[in-house]
Structure formats: C-alpha cells, structure tokens
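Accompanying notes for the structure given below.
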There are 2 protein chains.
Amino acid sequence: MTMNNAGGRRKPPTIHDVAREAGVSRGTVSRVLNGGHYVSPPALEAVNAAIRKTGYVVNRHARSLITGRSDSVGFLLTEPQERFFEDPNFNVLLRGCTQALAAHDIPLLLMLAGTEDERRRIKRFITAGHLDGVLLVTSHSADPVAEELHKAGVPVVQCGKPMRSGSKVSYVAADDRDGARDMVRHLLSLGRRRIGIVTGPLDSPGGVDRLAGYKEVLAEAGVGIDERLVVSGDYSRAAGEAGAERLLAQAPDLDAVFVASDLMALGALTALRRAGRRIPEDVAVGGFDDSIAATEATPPLTTIRQPYDRISAEMVRVLLAQLGGEDPAAVILPTELVRREST
Amino acid sequence: MTMNNAGGRRKPPTIHDVAREAGVSRGTVSRVLNGGHYVSPPALEAVNAAIRKTGYVVNRHARSLITGRSDSVGFLLTEPQERFFEDPNFNVLLRGCTQALAAHDIPLLLMLAGTEDERRRIKRFITAGHLDGVLLVTSHSADPVAEELHKAGVPVVQCGKPMRSGSKVSYVAADDRDGARDMVRHLLSLGRRRIGIVTGPLDSPGGVDRLAGYKEVLAEAGVGIDERLVVSGDYSRAAGEAGAERLLAQAPDLDAVFVASDLMALGALTALRRAGRRIPEDVAVGGFDDSIAATEATPPLTTIRQPYDRISAEMVRVLLAQLGGEDPAAVILPTELVRREST
DNA sequence: CTGAAAGCGCTTACAG
DNA sequence: CTGAAAGCGCTTACAG
C-alpha cells in the first residue's frame, strides 16, 4: 500500500526504495547513478527500470555531503548595481552561462556584490565550500577578488583579461586590441583622419587594449596621435556623452569617434547630435560590443562584435575543465566588424 | 600541530572541531548554531569563541540532509530568452530579489525556462526538493507552471496576478487598473480626447486590467470607446512600434496614446516620429512601468511607476513567510504617475 | 541546560 | 560484478 500523500510535499523515494524495487543493494544503485561502471547489464537494466518506476531523483545534499562537491557554480558580478541594469552585456553573459550550465544540469547561483560589504559576505560563502567554482564578471578588473578566490583554492574563470599579469586565474576574453584595430582601420578607409576615441576604463586590460589598438593603427597609417582626440570613459552611457562633449570642445574638427562600448556610443550620439553634428556625414561613430544598444541606436551603430555567446560558453567549459582537474587556461576569442549606418 | 595546508583547498573545520575547542558536546554547538536556546551563557560564549577561532562555517549540505530544507530559493523566469534581455524590468526584479534574499543569507538560483523542454527539466529539479521555494516571473501568465508547482507542494510567489482566478498561489502585483486610470485621467486633463491605447498581452491580468482602467475612465468622462483606438501588444518594443502604426492608420486623428509598457512606448515613439507627429504637441504619449526605458526615451516618458523595489521585496517577504508556515497571500501595491516630457 | 546516540541519503573502499 | 559497512557533517529527540 503506497503512502501517496497527495497535497503537501510527499517524501521522495530514496536510493533504498530503488534498490528494493530493483532487487539489488544500495551500492549497486549508486554505481548505476555514477556512471554504471562495474554493473552487470541485467542489474543496470533493473535499476534503471526501478528509477523510472519510483521517479527517483538523487538527493544532492546527501551526495554533496560525501563527495565534497556542491555541483553548483556561482555567477559573481562585482559591479555597482546600476551598471548591471544599464549594460546589456551583463545580461547576455548571465543568460549564456545559465544555459551552458543547465546543459550540464548544474544550477547557477547568482551573486551580486556591488559593495565592499557584500563582497566580504560572498567571499565567506564561497570559501566555505558552498560552490564548486565561480564565474566572475567585473569591468573594473583591478579588483582582487579573482586572485583571492584563486588563492583560497576556488576554481575561478574571469570574463575579460585580469589586470595583474602573471596571474594564474583562468579567463576568457575577446581580442580587444584586434577589434579596436579593425574599427580604426575601417574609419580610416572611410577617409576620416581626425578620429577621436572615448576609451574604456584604463584600469582594465580591455580599456587599455582598445586604446592600444587605436594608437597602433593610427601610427601605422602615418596619422599622428593627437592627445586632444583621446578621452577616457567607464563604459557607461553617461561617460560616453560626457566624453563626446569633451572631444567636441578639445577637437571641434573631429570627423569620427571610436567609442569603446556601444552603451557609451549611445551617449556620444546624443552629445554629437545636440552639437548639431550629423551622423555619419559629419562624424562617423563606431562602437564596441555589438550589444542590443547598437541595433537600437539611431542610427544603428557600426561596431565590433564581441562573441558573447561563445564567451559564456567558453567560460563554462574552462570552469568545468578545471573542476575536472585541468589547469587554468586563457582563451582569447576573435571579434568582428559589423557595419551599420553610423559610419 | 595544525595541518594548515595552504594552497589547495583546506578541509574546513566541522562542528566537531568547534566542540573540542569549546569543551562541549557537538549537540551543544548545534544548539548554539540554531538559535542558542537551552544553552547556558558560559557554554554559549565558549562555543562562539571557538567558532571565531576555528573559522567554522556550517556545512549546508549536512544541515540540509537532515532538515530537509535547502535554504535556497529559485528565481524562475519563464519567458522567451530575447525578452529577458530587452525588457529592463526583469533585471530590476532579479536584482531586487537577489538582494532581499542576500539579506537573509539565502542564495538565489537563477532558472531560465524559455522553452517547453527547459520548463520540464526545471520542474523536475524543483519538485525533487532542491529548493525551498520559487519566485516566479512571467508575462504570459496563462502558463500553468505556478499552479503546477503549487500543487506539487512547492511554495511559490508569482510576480503579477495569475490568470486563473480561484488560484491559491501567492502573488505580488502593482495596481494595474488604478495605474491605467491615473494615466488616462492625466491625458484627459491635458485636453486630449482621441486617446489610443496599445495594450499588454490580453491573456495576462496585467494587460487586461490596464485596458479596463482605460475604458472605465473614458466612459466615466463621457468619452466613448472607439475600438479603432484600441490595439493590442505584448510588451515588446516591436509591438509598440507596430501598434502605433496601426493606430495611426485606423485613427489618424488621435492626439494621445497610452502605451501599456515603457518598452512598447519606445517603439511607439519611433513610429509616431516617423509619421511626422511631434511628441507631445501632436500626440501625447504615456507609458507604464517607469523603467530605465522611460528616462532614456526621447523625449523622456510620462509613465506610471511600478514600485519594483517594493515588489521584489514583497515577493521575498511573502515567500519566506510561507516557508515559515504562513498561508499564501496576495499583495497589491500602489502605482504613481510620473510626469515627464512626453505629455 | 547538556551529552550520547540515532539517523538524514548517499558514496566508496573493502571483501568477496 | 556485488553486497555489507563505514562514514560524510549535521540536527534532534531522549535521557538525564
């Protein structure tokens, strides 16, 4: 007589129920659950049938208690909260990672650490062993959390190159420098010569590399670097607007701007338009990311596509490999110029 | 001699280590951990000191195994993936819930179920008891997942009113009807009489209620309902654009539009502007949500503010109350008209 | 108030 | 290939 207490939460079947149903020991059931090695075909079949019949699902807590693994990973965003909403890139990354993990049946724990306080609490949580590994996203990559977790023995994969070289932390990044080079070459090919730049944060390798690409190509083309054409930003829309204003003031003759993120480019468009510049006739504008912001801009932005889908997939792949015992790894993914109406 | 294996992951201290350090039994340590009842002051002090000294953190898996609770909750978004990125409201909700839970030290598991397949897998995961409860966000609230989870005995709190009345599922929602009424009254007060509406999805109570509010106020004001002024959308930007186009075709003399979401209003602005209408001189445009889309629109949108911070906080509060044994509850939060330049 | 003991559901050597 | 047994780190009645 089965105690099928409908309503309320029924007590789920355990490995013991499955064993009884299949006429084998609990050890054998466990072996089936863990890959089916050293199990005879008939036993395997009986267990699988019993699992189906009982609707058995492994109790992760019991498993974790003994294996020491939690079979879950954290997605840690150390970013002021506002930025998380404003910047569509975070979303894309979060979605991609969630899905890639779901394919492995691994739940993702979302952790938002915008303040120092939150970071402390979260580090405590993570180092307590509640997570097998961490996917880390941050734009001001000067912050030491990756290094700290790594030192505490927690597998980490960072999105974007870490600031301190010599770090052994895994990361996945787009080829920022190469992307920037493509964009500036494109602008030059359009005949533009007074090309400004609104950089990303210069305490992050991404910001630095995009600026480096810009300077290299101009130098190679024999176009000198005019420091009045270089202003820095922080990837936010507001910074793009302020940056473009500064450029207009310092170098009113500019005929193109490479803005180091699409979101900043949105702000730059606003400022340029307010100043009466036509896009792209008077000033060509190039972005970076190919986020939703690029297609929604007026006019739609020519930009450098970061392969976010691949980035998140690779982050998960590298992390899982590390959990499987492999060494940390660095992955650099190629970018691509996407031509739209802003250039 | 402490085995302090730096590098690698050290084996964390257990309750046993704490007990030894404090000179008490493991039971006493556990009692301290669980509220400190039935523990003498000296014992309590000794245990707390031992906890600090050893850096003890409870092993959640061991605890969960015995308590049957996981001390974590899921945030389930049953929405096509694209919408998650496009619509800033989801972000705000996700952030709010994550933070409200973090304040209780409860991790949030993010679950994205855009496809039927994913929904199946996730339902399996949840009903297997891996989660204490679920915060559910969906806009096409016809979907039965809330009801299913509820029936399976899983505590659920939905964002937005569920479609089927008579449901005993908890929910938190803004007062959609009242918000719509405020907006239409505002438009009337501006002297507009040919007021169109682009509704939300009419298979969702939110969509239905906002339309109801619109009709009520017009009726009360003695302005008849012209069905040519009513078109339906699905909260997406594209739907807003298409909707406004349809309105312009069906009722070229319209002098205002109430668009049932800010994101749709963005699309509507595009269509109206393309048709040569000045905002707000020719056509006043009112949105709904007061999301980031409203402030970033050109011109910034007059809209109805949904108190998302309170909504997420209440969702968490209601869920935790349910975990504590309280009955399901419905919470309706007031909205507020925010006047900007689009009206 | 406190300790000893049972037990949560699983995995993993260890013998066969 | 398989079963019996130990044990993961906790909580919770149960006696005192």
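A salt bridge links A:R119 to A:E116: at least one charged side-chain nitrogen sits closer than 4.0 Å to a carboxylate oxygen. The existence of a salt bridge linking A:K151 and A:E148 is excluded, since no basic side-chain nitrogen approaches an acidic carboxylate oxygen closer than 4.0 Å. With respect to the salt-bridge test (charged N to carboxylate O, under 4.0 angstrom), the residues B:D17 and B:R26 do not qualify.
Base pairing of C:dA4 is not made with any nucleotide, judged by Watson-Crick or G-U wobble geometry with both donor-acceptor distances under 3.5 Å. The partner of C:dA13, taking Watson-Crick or G-U wobble pairs whose two distances both stay under 3.5 Å, does not exist in any strand shown.
Looking only at atom types and distance, the side chain of B:E147 has a donor-acceptor partner in the side chain of B:S167 under 3.5 Å away. Defined by atom type and a distance below 3.5 Å, a donor-acceptor pair is present between the side-chain atoms of B:Q322 and B:S170.
Nucleotides C:dG16 and C:dT12 are separated by 16 Å at their C1' atoms, to the nearest Å.
When each of B:G27 and B:A62 is assigned the nucleotide of DNA chain D bearing its nearest heavy atom, the one mapping closer to the 5' terminus is B:A62. Between B:L44 and B:I66, the one whose closest nucleotide on DNA chain C sits nearer the 5' end is B:L44.
Here C:dC10 presents its P atom at 5 Å from CG of A:N59, a figure rounded to the nearest Å. To the nearest angstrom, P of D:dG9 lies 15 Å from CZ of A:R69. Taking atom NZ of B:K11 as the reference point, atom C1' of D:dG7 lies 10 Å away to the nearest angstrom. One interatomic measurement links the two molecules: OH of A:Y38 to C1' of C:dA15, which rounds to 15 Å at whole-angstrom precision. When rounded to the nearest whole Å, the span between CZ of A:R31 and C1' of C:dA15 equals 12 Å. For the pair A:H16 NE2 and D:dA4 P, the interatomic distance rounds to 10 Å; values are reported in whole Å. Rounded to an integer number of Å, the gap from B:H130 NE2 to C:dC10 C1' is 13 Å. The CZ atom of A:R63 sits 18 Å away from the C1' atom of D:dG9 (whole-angstrom rounding).
Note on B:S40: a side-chain N or O is less than 4.0 Å away from OP1 or OP2 of C:dT2. Taking only side-chain nitrogens and oxygens, A:S30 never comes nearer than 4.0 Å to OP1 or OP2 of C:dT12. Within the structure, every side-chain polar atom (N or O) of A:S25 is placed at least 4.0 Å from both OP1 and OP2 of D:dA4.
Taking every side-chain heavy atom of B:T14 into account, D:dG9 is the closest of D:dG9, D:dT12, C:dC10. Checking C:dC10, D:dT11, D:dG9 against every side-chain atom of B:N34, the shortest atom distance belongs to D:dT11.
Residue-level contact check: A:V58 touches the backbone only, with heavy atoms under 4.0 Å from sugar-phosphate atoms and none from bases.
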